[in-house]
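Written out below as C-alpha cells is the structure these notes cover.
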There are 2 protein chains.
Amino acid sequence: MTMIDETQVKETSATHGAYLTLRDMILTGELPAGQKLKIEQLRGLLNTGASPVREALSLLTSDMLVERIDQRGFRAAPASKANFAEILALRCTLEDLALRQSIANATPDWEEQLVLTHHHMKKASGQGTKLFEEAHKTFHMALLANSESPMLERFCAQLYDLNIRYRYLAAKSATYQKRDVSAEHEEILDAAIQRDQDRASASLLNHYRLTGDYLSRALDI
Amino acid sequence: MTMIDETQVKETSATHGAYLTLRDMILTGELPAGQKLKIEQLRGLLNTGASPVREALSLLTSDMLVERIDQRGFRAAPASKANFAEILALRCTLEDLALRQSIANATPDWEEQLVLTHHHMKKASGQGTKLFEEAHKTFHMALLANSESPMLERFCAQLYDLNIRYRYLAAKSATYQKRDVSAEHEEILDAAIQRDQDRASASLLNHYRLTGDYLSRALDI
DNA sequence: TCCTCCCAAAATATCGATATTTATTGACAT
DNA sequence: ATGTCAATAAATATCGATATTTTGGGAGGA
C-alpha cells in the first residue's frame with residue numbers, strides 16, 4: 001500500500017487525479033492484474049470521495065485497464081500470454097499503418113518533432129526510470145502523430161500503455177535486457193526522416209517484435 | 001425532448017440503463033453531434049440521479065460517442081466528413097484483418113452462427129427499422145467473431161456504432177438507397193462459408209465502401 | 001456428507017445537498 | 001463603441017448518508 005504524496009498540488013479535479021494515479025498503479029503492477037478494486041479501499045488510498053473513484057474507474061474502462069461488472073464492481077483487467085500476443089499483433093498492424101501514413105504526410109514540422117523527442121529520449125536514458133518511460137512513449141507517439149487519423153493514434157496509444165504493463169510484469173522476473181535498443185531507435189528515426197516507409201515500418205516492427213519475444217519469455221503468467 | 005417509457009422494467013442498474021438510453025439517443029441523432037450534455041437536463045430526461053448520469057457519460061467516452069472536458073462537463077462527440085472518412089478507412093483495415101482471421105480459424109460452429117444471423121437479418125428486413133439495425137449489426141459482428149482477437153473485435157464494434165450515427169445523419173437528407181444490399185450480404189456470407197478470405201474480404205470492403213460513398217454524398221456537415 | 005435456504009455482513013449503487021468552478025451580465029473607464 | 005472587471009447566475013464536481021444488491025456462512029433437512 002502506497003501513500004499518496006500530500007504535497008502534490010491540486011492542479012486538476014479529484015477525478016482526473018484519481019484517474020492518473022490509478023492508471024499508473026495498474027500499469028506498474030502495484031494494483032495487480034485481475035485484482036478486485038474495491039471503492040472503499042481506493043477511497044482511502046486516494047483520500048477522496050467515492051464519486052471521483054467510480055468515475056475514474058469508469059474512465060479507465062476506456063483504456064481497457066479496468067473491467068466493470070455491472071452491480072459487482074470493478075477489477076484490474078486480467079493479463080495473460082494470449083492477451084499479450086494479441087496486443088503485440090495489433091500494435092504491429094496499427095502502428096505500421098499509422099507510421100506509413102505519417103511518413104506519407106511528412107512535413108518539416110513533424111520531422112523536427114521526431115528529432116527533438118528522440119533527443120529527449122536519449123538524454124533521459126537512465127533506462128528503466130519513469131522519465132525514460134515517458135520520453136520513450138513520447139518519441140513513439142511522435143512517429144505516428146502525423147497520420148492525420150486521430151482514432152488510429154488513440155488506438156495505438158492505448159495499445160502502447162497496455163504493453164507497458166507487460167513490461168513491468170516481465171521486469172519482476174528480472175532477466176536483464178542487453179539488446180542495443182538505442183541503435184534500433186536511431187534506425188527508425190533515420191528511416192522516417194528519409195521518408196522511407198518500408199524501412200521505417202520494418203525497423204519499427206522489428207523493434208516491437210524483439211521486445212515482444214523477450215517479454216514473452218520473461219512472463220510467467 | 002422525448003419522454004422515457006415509464007413502464008420499462010428496471011432489469012439493470014440505473015447507470016446501465018442511462019448508458020443504453022444515452023447511447024441510443026446519440027446514435028440516432030436525438031442528441032445531436034457536438035451538443036453540450038448537461039447533467040441536470042439529462043437527469044430529468046432519464047429520471048435518475050446525477051451519479052448514474054455522470055457514470056454513463058464517462059462510459060460513453062470509451063465508445064468515442066461522448067467527449068469529456070475536465071471541469072467543463074460533457075458533450076456529444078462532434079461529427080465531420082473527415083471523421084466519417086477516418087471511420088470508413090479504419091473499418092476497412094480492421095474488419096479486413098478480423099474477417100481473414102475468422103476464416104482462418106473457421107469452425108462448423110462459427111459457420112452455423114453466420115447462417116443463422118444472416119437468416120435473422122433477412123427476416124427482419126423491414127429495412128430501416130430498429131429490428132433490422134440490430135440484426136444487421138449482429139450479422140456483421142458474427143463474421144468477425146471467430147478472429148480470436150477480442151480487442152480487435154471490440155475496435156470493430158466501436159467503429160460500427162460510430163458509423164451508424166452517420167447513417168442516421170445522412171438519412172435526414174432523405175435520399176433513398178436503392179442498392180441491392182441483400183445481394184451484397186449473400187455474397188459475403190457465401191465467400192466466408194467457402195472460406196475464401198480474399199473474396200470474403202473484398203466483398204465486405206466493397207459493401208462498406210459503397211455505403212460509404214453513398215453516405216458521404218448524403219451528408220451535409 | 002452434501003444440498004438448499006435463509007440471514008447477516010460487506011460491498012456496490014444511488015440520492016440529495018453542498019462546495020467549486022465556469023459562464024454571463026452589466027457597469028465603468030478608455 | 002470597446003474592452004476590462006466584478007458580481008451574479010449556472011453548471012459541474014464532490015461529499016456523506018442511505019438504499020440495494022451480492023457474498024459468505026451456517027442451520028436444518030435429505
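In what follows, chains carry the letters A, B, and so on, assigned in the order in which the sequence lines appear, proteins first and then strands, with residues in each chain numbered from 1. For clarity, every value in this text was computed on a predicted model and none was experimentally measured.
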**Message:** OP1 or OP2 of C:dA23 versus the side-chain N and O atoms of B:Arg72: is any pair under 4.0 Å?
**Reply:** yes
B:Glu40 atom CD is separated from D:dT12 atom C1', nearest whole Å, by 10 Å
Whole-Å distance, B:Ile69 CD1 to C:dT21 P, equals 18 Å
A:Leu42 atom CG is separated from C:dA11 atom C1', nearest whole Å, by 13 Å
Regarding the side chain of B:Gln71, the nearest nucleotide among C:dT21, D:dT12, C:dC15 is C:dT21
Taken to the nearest whole Å, CD/A:Gln41 to P/C:dA11 is 9 Å
Between CD1 of B:Ile39 and P of C:dA17 the distance, given in whole Å, is 18 Å
Practice problem: In sequence, state the C-alpha distance, the side-chain angles, and the governing distance for B:Ser62 and A:Ser62, and then conclude on side-chain hydrogen bond (donor to acceptor under 3.5 Å, both in side chains). | Solution: CA-CA 4 Å; B:Ser62 320; A:Ser62 321; 3.2 Å; yes
When every non-hydrogen atom of B:Phe84 is compared with those of B:Ser216, the smallest separation belongs to CE2-CB, 3.7 Å
Review point. So what does B:Leu57 hit on the nucleic acid, given a heavy-atom distance under 4.0 Å: a base, only sugar-phosphate, or nothing?
Key: nothing
To the nearest angstrom, the CG-P distance between A:Asp70 and C:dT14 comes to 8 Å
Whole-Å distance, A:Arg43 CZ to C:dA10 P, equals 17 Å
Among C:dT12, D:dA11, D:dT14, the one nearest any side-chain atom of A:Pro52 is D:dT14
Minimal heavy-atom distance between B:Ile39 and B:Ala50, with the atoms involved, is CG2-CB, 3.9 Å
Between NZ of B:Lys38 and P of D:dA13 the distance, given in whole Å, is 14 Å
Here the pair of heavy atoms bringing A:His16 nearest to B:Asp70 is CB-OD1, 3.7 Å
Hey, is the side chain of B:Thr48 poking within less than 4.0 Å of OP1 or OP2 on C:dT14, counting only N and O atoms?
no
Of the listed C:dG16, D:dA13, C:dT12, the closest approach to the B:Phe74 side chain comes from D:dA13
Item to complete: Check whether any side-chain nitrogen or oxygen of A:Arg54 sits under 4.0 Å from OP1 or OP2 of C:dT14, and answer yes or no.
Response: no
Using a distance-only test with no angle check, is there a side-chain donor-acceptor pair under 3.5 angstrom linking B:Tyr166 and B:Asn83? yes
Phosphate-side-chain proximity, B:Lys36 and D:dA11, N/O vs OP1/OP2 below 4.0 Å: no
